[in-house]
Amino acid sequence: MNILIRKAVTFAAVLFCILLVIFGFSFASVWTGVIFAVVFCAVSLPLEMFASAIPRALFELGKLSGRTAHILFAVLDAASTFGVLMLLDYYMHDVTILPISALIIALVLAFFSLNDFSEKLAEKKEEIRD
């Protein structure tokens, strides 16, 4: 079971790195790419949860409209992802990331995360109405 999980994580990391190479990222080796992907996910996941919590809390308090909460989430998520990518570029010497590539990836990932955020916000709207 442990070997199966490790192979699945490695496979997903390699696919993620292939996508990143298309956008201009470069890795010294395949294992550098795998380590990059795992560290990126480990660091960016808590930041995405934080970026999601702030707009949802402000929406629940009535301080933000639904549209403004979506915009705030997209900005916070893209900024946190961009920051993580730039930090990994700085500290991982075998990885080269162009800032424009990091910005594009951050915006794409924020766009895909927006759907999940919309579902959570819709659930909160239902709870507030009831």
Atom pairs and distances, donor-acceptor, side-chain atoms in residues 65-82, under 3.5 Å, two or more places apart:
from  : atom 1 : to     : atom 2 : distance (Å)
Ser65 : OG     : Thr68  : N      : 3.3
Ser65 : OG     : Thr68  : OG1    : 2.9
His70 : ND1    : Gly66  : O      : 2.6
His70 : NE2    : Ser118 : OG     : 2.9
Ser80 : OG     : Leu76  : O      : 3.2
Ser80 : OG     : Asp77  : O      : 3.0
Thr81 : OG1    : Asp77  : O      : 2.9

Can you pull the salt bridge (Lys or Arg N to Asp or Glu O under 4.0 Å) pairs that have at least one residue in residues 106-116, sequence neighbours excluded?
->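 Listed by first then second residue: Asp116-Lys120.
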
Applying salt bridge (Lys or Arg N to Asp or Glu O under 4.0 Å), which residue pairs with at least one partner in residues 32-54 are found, sequence neighbours left out?
->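 Residue pairs with at least one partner in residues 32-54: there are none.
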
With a cutoff of under 4.5 Å between side-chain heavy atoms, which Ile, Leu, Val, Met, Phe, Trp and Tyr residues group with Leu87?
->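 Answer for Leu87: Tyr90, Tyr91.
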
Cluster partners of Met49, using ILVMFWY side-chain heavy atoms under 4.5 angstrom, listed by chain and number?
->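 ILVMFWY cluster around Met49 also holds Leu45.
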
Please determine whether residues [X] and [Y] belong to a single hydrophobic cluster, defined as Ile, Leu, Val, Met, Phe, Trp and Tyr linked transitively by side-chain heavy-atom distances below 4.5 Å.
X      : Y     : value
Ile18  : Leu98 : no
Phe27  : Leu15 : no
Ile104 : Phe16 : yes
Val30  : Val21 : no
Met86  : Phe50 : no

Output a table of donor-acceptor pairs, distance under 3.5 Å, between side-chain atoms of residues 32-39 and any protein atom two or more places apart or on a different chain; print 'none' if there are none.
from  : atom 1 : to    : atom 2 : distance (Å)
Thr32 : OG1    : Ser29 : OG     : 3.0

4.5 Å side-chain heavy-atom contact, Ile105 and Leu20 =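 Ile105 reaches Leu20 side chain to side chain.
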
Report yes if the side chains of Thr96 and Phe25 come closer than 4.5 Å at any heavy-atom pair, otherwise no.
->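 When only atoms from C-beta onward are counted, Phe25 and Thr96 do not touch, as no gap falls below 4.5 Å.
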
Enter the distance from Ile97:CD1 to Ser26:OG here, rounded to the nearest 0.5 Å.
->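 It comes to 8.5 Å.
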
